[in-house]
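Heads up, the thing below is written out as structure tokens.
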Amino acid sequence: MTTATLEKESLRELVADALDVEIEDVTDDALYVEDLGVDSLMGLEILVQLEKKFGVKISEQEFGEITNFGQTYNLLHSKITG
């Protein structure tokens, strides 16, 4: 059971807040490392926030394979909808 429903724009806002970037910068295709300057610590912060908010478990390996917001949304959507 998830603790929140997955809405793409709310997720985008959560990621933007965690990264301290403008929400407009978090496009579906913006690369976390190359475009948004995400380092490993920031990545772990996002991981923890996503797990808490949506009540899912994301392995570090799964998260390590995600390179942009669109992939983050797709992973969460698949975990929530099963």
Side-chain angles (χ1 to χ4, degrees):
M1 186 68 146
T2 59
T3 57
T5 57
L6 181 62
E7 295 177 3
K8 195 168 195 176
E9 294 312 308
S10 294
L11 177 60
R12 192 181 311 275
E13 186 176 341
L14 183 148
V15 170
D17 286 346
L19 299 179
D20 196 26
V21 298
E22 296 296 321
I23 195 167
E24 297 82 20
D25 293 338
V26 185
T27 63
D28 287 358
D29 298 321
L31 299 174
Y32 285 132
V33 174
E34 293 86 348
D35 298 330
L36 301 175
V38 174
D39 61 24
S40 58
L41 187 58
M42 294 166 86
L44 286 175
E45 175 65 25
I46 295 170
L47 177 67
V48 169
Q49 287 189 28
L50 295 176
E51 288 181 337
K52 242 184 219 183
K53 180 167 179 97
F54 297 103
V56 296
K57 179 67 180 147
I58 302 168
S59 72
E60 287 185 37
Q61 180 182 354
E62 286 174 314
F63 196 74
E65 294 171 359
I66 294 172
T67 60
N68 62 42
F69 175 78
Q71 292 173 339
T72 304
Y73 177 81
N74 291 338
L75 175 64
L76 280 173
H77 185 267
S78 70
K79 287 192 170 285
I80 289 171
T81 59

Worksheet entry | Distance (rounded to the nearest 0.5 Å) between Gln71 CD and Leu75 CG | 9.5 Å

Worksheet item: Donor-acceptor pair, Lys79 side chain versus Lys57 backbone, under 3.5 Å?
Response: yes

Worksheet item: So do Val21 and Val15 actually touch side chain to side chain, heavy atoms under 4.5 Å?
Response: no

Worksheet item: In this structure, are over 12 heavy atoms from other groups packed under 6.0 Å from Asp20 atom CG?
Response: no

Item to complete: Check for a donor-acceptor pair, side chain of Glu62 on one end and backbone N or O of Ser59 on the other, with a separation under 3.5 Å.
Response: yes

Practice prompt. Look only at the side chain of Ser10 and the backbone of Leu6, and say whether a donor-acceptor pair between them is shorter than 3.5 Å.
Written response: no

Worksheet item: Ignoring hydrogens and geometry, is there a side-chain-to-backbone donor-acceptor pair from Arg12 to Val26 under 3.5 Å?
Response: yes

Worksheet entry | Closest non-hydrogen atom pair, Val33 against Val38 | CG2-O, 3.6 Å

Practice prompt. Answer whether the closest heavy-atom distance between the side chains of Lys8 and Asp28 falls below 4.5 Å.
Written response: yes

Discussion item. Would you compute the distance between atom CG of Leu19 and atom CD of Glu45 and round it to the nearest 0.5 angstrom?
Written reply: 9.5 Å

Worksheet, complete the sentence: Output for pair (Glu65 CD, Ile58 CD1), nearest 0.5 Å, gives 12.0 Å

Worksheet item: Should Leu50 and Val48 be counted in the same cluster of Ile, Leu, Val, Met, Phe, Trp and Tyr side chains packed under 4.5 Å apart?
Response: no

Fill in: Derivation of the side chain to side chain contact (heavy atoms under 4.5 Å, CB included) call for Glu22 and Asp25
CA-CA 5 Å; Glu22 296 296 321; Asp25 293 338; 3.6 Å; yes

Item to complete: Working to the nearest 0.5 Å, report the span between CZ of Phe54 and NE2 of His77.
Response: 11.5 Å

Worksheet item: Do the side chain of Glu13 and the main chain of Ile23 share a donor and acceptor less than 3.5 angstrom apart?
Response: no

Worksheet item: Rounded to the nearest 0.5 Å, how far does OG1 of Thr72 lie from OH of Tyr32?
Response: 2.5 Å

Fill in: Other residues, nucleotides, ligands: >12 heavy atoms within 6.0 Å of Glu60 CD
no

Worksheet item: Is there side-chain contact between Phe69 and Leu36, with heavy atoms separated by less than 4.5 Å?
Response: no

Practice prompt. To the nearest 0.5 Å, tell me how far Tyr73 OH sits from Ile80 CD1.
Written response: 8.5 Å

Fill in: Minimal non-hydrogen separation, Asn68 against Gly70, with atom names
OD1-N, 3.1 Å

